[in-house]
Novice: 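Got a structure for you, written out below as structure tokens; questions coming shortly.
Order of the sequence lines sets the chain letters (A, B, ...), proteins ahead of strands, with each chain counted from 1. Because the structure is predicted, anything quoted here is derived from the model rather than measured. Just so you know, these numbers use all the heavy atoms, side chains as well, and skip hydrogens, waters and symmetry mates.
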Protein chains: 4
Amino acid sequence: MTPPNSDRRSERARQAILRAAIELCRDPGFTDMTMEAIAKRAGVGKQTIYRWWPSKAAVVLDALHEQTQPSATFPDTGDVVADLRAQMYAVVSAMTSPAFVPYTALIAAAQSDPELARRVLDLIVAPRVAECRARLEKAQADGQVHDGADLGMAVELLYAPLYYRLLLHTAPPGRDQVDRVLTLLTTGLLTPQRP
Amino acid sequence: MTPPNSDRRSERARQAILRAAIELCRDPGFTDMTMEAIAKRAGVGKQTIYRWWPSKAAVVLDALHEQTQPSATFPDTGDVVADLRAQMYAVVSAMTSPAFVPYTALIAAAQSDPELARRVLDLIVAPRVAECRARLEKAQADGQVHDGADLGMAVELLYAPLYYRLLLHTAPPGRDQVDRVLTLLTTGLLTPQRP
Amino acid sequence: MTPPNSDRRSERARQAILRAAIELCRDPGFTDMTMEAIAKRAGVGKQTIYRWWPSKAAVVLDALHEQTQPSATFPDTGDVVADLRAQMYAVVSAMTSPAFVPYTALIAAAQSDPELARRVLDLIVAPRVAECRARLEKAQADGQVHDGADLGMAVELLYAPLYYRLLLHTAPPGRDQVDRVLTLLTTGLLTPQRP
Amino acid sequence: MTPPNSDRRSERARQAILRAAIELCRDPGFTDMTMEAIAKRAGVGKQTIYRWWPSKAAVVLDALHEQTQPSATFPDTGDVVADLRAQMYAVVSAMTSPAFVPYTALIAAAQSDPELARRVLDLIVAPRVAECRARLEKAQADGQVHDGADLGMAVELLYAPLYYRLLLHTAPPGRDQVDRVLTLLTTGLLTPQRP
DNA sequence: AGGTAACCGAGACGGTACGTCCCGTCTTCCA
DNA sequence: TGGAAGACGGGACGTACCGTCTCGGTTACCT
């Protein structure tokens, strides 16, 4: 997928590799997966993998991304807070499902692989952020959010706690967390009491 | 530091190993560091490392933790927001300094090593969280924060965005980010405008 | 048994070590036996072994030698050939018994350990050779062997074929081999036929 | 040379390995030689050695065998005894040359490695024995040896004393030994004197 | 229609690090 | 001071993968 340009590329091999990668995410898991194992399971020469991907992380990222359905778009019922809650509940569900483990591994791998980091960001994080941002903008236009609110930071504040728990393992992300985050953000209680 | 119990342990070797680990964090970096390199640089047999630590990540964690000064306590000038800002500025400084890179690597490594995750949490994250929490509680007692505010979530909301940027590489954590987070949290603008 | 001189030596430890060596000859076998295993099984510090023996081969040699009864002396019925046959049968029995395996291992070890070679020779081979030689000399005095016969070489010729088979594994040493050796040596058929 | 079947094998690597083995026989010697040293000197990965040989002894055996010229055949001047003497002198020369040391080491190693023992026997011992046997049979046909003589045992009796001295270190094999062996075997003096 | 150039499978190759085993020395504490 | 215990520096083990390479074979295009 990177260096040699060709439509002579074998679609059969490509799919077999992605398929094998997905399967190996399940069983030995991302960390214990090897290029050799992918090649063997896909019935493919190692060279064929190295020809199109730079690392196992790149293969897995492609594999995960390919199998992901176009993803439902951000809900819009007219009530921003309800919509945010619904969407964040969905994210929590995803994060706590076993199928999410390899995503976490990819984020970990990306810490020492800038190119991978960029691709993870572009493929996985950015689209969700953009949608959330768009929903907030619409809400602002609807008057459900202050004109002066810092929407960019709002997006970060909404999702960051989920990733925080996911990656620091302080606790699993959860629905109550979502509720508390929304409460804090929408009530602004982090301010002095009025006497 | 885990399996064999003994006070016959060589303090000389222990320190040489931790020292070597720190040095190797700088030069080849955590990812390219190997147990063999640590042993060689420390002038120590590999077995001596494996006897006391289960992985290079464990060694590095101990090394980083040992070299860390008792850590300045949370500032308390009487103004919570100012104190939070000061402390978070400090965290931003730390995170963007080259010396922080290995911490990031440890968090990455912890994604596939639950025991390491626990130790990272206990040694690095938990104490900071506790201090922040304590400061917020004092602020609440002082009436600078609403009685009903969810302080636990507040701590998460304050720090999560920093880790979010750090680990997802959306942008480097920064002072302006801190300012915007504090603004959003203290003004509660994520609410409908009053007409 | 070599360097430090002392009667403070612990007889208990010495016997435990030799005993352990014998037992380990049986189970993991000489080749797979280690100093550490001997120490552990003997309930002895490694240092205690190294203090008195230079190598595991030395320990095993002592152990084997100590457990060997003073050894029956060469038979003397008046008939040299019969006596030789009897004695050589006994050697064949010994060589083909499982208990002989470590002796073979010692001879092998001696190939790269001159000091061990000397001790193996002195303790194991030389006494038997001397006895055989003495019996042949008596036979010569009795007129059962030619005055001109080269008795030193005769001893070599009698025993060499047994060691030859033992060490080159062309075939196991056997009674028929003994018979055929004796026949060839006593009939001198390796000469032209008389017409 | 055993497990994977393939003509994809690198002849370059094979030769480099055998060459390195020969050289290391000279300098650190068989006992102190390591697989790692062979690999390093041959400029080869360790795996490449392990892929084709089970042990360093196997490598050395192949190396020695490959470098050995097809070997001069048994002399045949018409005089068996002279021919035997000539051939055995040659064996003595070989055995007492420094180049023979690794053969001795192989025989030692074979004591705890049945497969190696078989290969040493087949490659080194058996051919020589067969040639000697053939020469004796021809002598028997020529009437230079009794019809009833036990030729198989004769071969053993001729060579065994040389190996006996070589391996038990009673004395170095020598020409005088050869002479005395031949004398004893051809005169049959190990019999009662005729009055 | 034949030639040729690319991808493909297979897996050997030179290498590096792994985690383990044992070496022979040392250190510590006990009797 | 000898012995038990076992940690220590060291070095080789045999294995696992890395990423590159060579080797036929099989397409698919290009004359």
Novice: Can you check the Trp52(A) CH2 to dG9(E) P distance for me, whole Å?
Specialist: 12 Å
Novice: Check whether the side chain of Glu36(A) and the base of dA16(F) form a donor-acceptor pair under 3.5 Å.
Specialist: no
Novice: If you check the Gln47(B) side chain, which of dT27(E), dC21(E), dA7(F) turns out closest?
Specialist: dC21(E)
Novice: Does the side chain of Thr34(A) reach to within under 4.5 Å of the side chain of Ile38(A), using non-hydrogen atoms?
Specialist: no
Novice: Taking the minimum atom-to-atom distance to the side chain of Ser10(B), which one of dC8(F), dG19(F), dT20(E) wins?
Specialist: dC8(F)
Novice: Main chain of Phe30(A), side chain of Lys56(A): is a donor-acceptor contact present, judged purely on distance under 3.5 Å?
Specialist: yes
Novice: Among the nucleotides dG3(F), dC8(F), dC8(E), which one has an atom lying closest to any side-chain atom of Ala13(B)?
Specialist: dC8(F)
Novice: How many Å lie between NZ on Lys40(A) and P on dA16(F), as a whole number?
Specialist: 11 Å
Novice: From C-beta outward on Arg9(A), which listed nucleotide comes closest to its side chain: dC8(E), dA7(F), dG14(E)?
Specialist: dC8(E)
Novice: Compute both the distance and the angle, then confirm whether Arg14(C) meets the cation-pi test with Trp52(C): under 6.0 Å from the six-membered ring centre, within 45 degrees of the axis.
Specialist: no
Novice: Can we say Arg26(A) and Glu23(A) salt-bridge, meaning some charged N sits less than 4.0 Å from an Asp/Glu carboxylate O?
Specialist: no
Novice: May I have the distance from Ile49(C) (atom CD1) to dA5(F) (atom C1'), rounded to whole angstrom?
Specialist: 13 Å
Novice: Closer to the 5' end of DNA chain E via nearest nucleotide, is it Thr48(A) or Met35(C)?
Specialist: Thr48(A)
Novice: Want to settle it: does Ser55(C) or Val44(A) sit nearer the 5' end of DNA chain E, counting the closest nucleotide to each?
Specialist: Val44(A)
Novice: Tell me which nucleotide among dT27(F), dG14(F), dT1(F) gets nearest to the side chain of Lys46(D).
Specialist: dG14(F)
Novice: Within this structure, what is the CE-to-P distance between Met33(B) and dC18(E), rounded to whole angstrom?
Specialist: 11 Å
Novice: May I have the distance from Asp32(D) (atom CG) to dC22(E) (atom P), rounded to whole angstrom?
Specialist: 19 Å
Novice: Once hydrogens and angles are ignored, does a donor-acceptor distance under 3.5 Å link the base of dT1(F) to the side chain of Arg8(C)?
Specialist: yes
Novice: For the residue pair Ala108(D) and Gln111(C), what are the closest heavy atoms and their distance?
Specialist: CB-CG, 3.7 Å
Novice: In whole angstrom, what separates Arg51(A)'s CZ from dT22(F)'s C1'?
Specialist: 13 Å
Novice: To the nearest Å, how far apart are Ile38(D) CD1 and dG15(E) C1'?
Specialist: 17 Å
Novice: For Lys56(D) and dG14(F), what is the distance between atoms NZ and P respectively, to the nearest whole Å?
Specialist: 10 Å
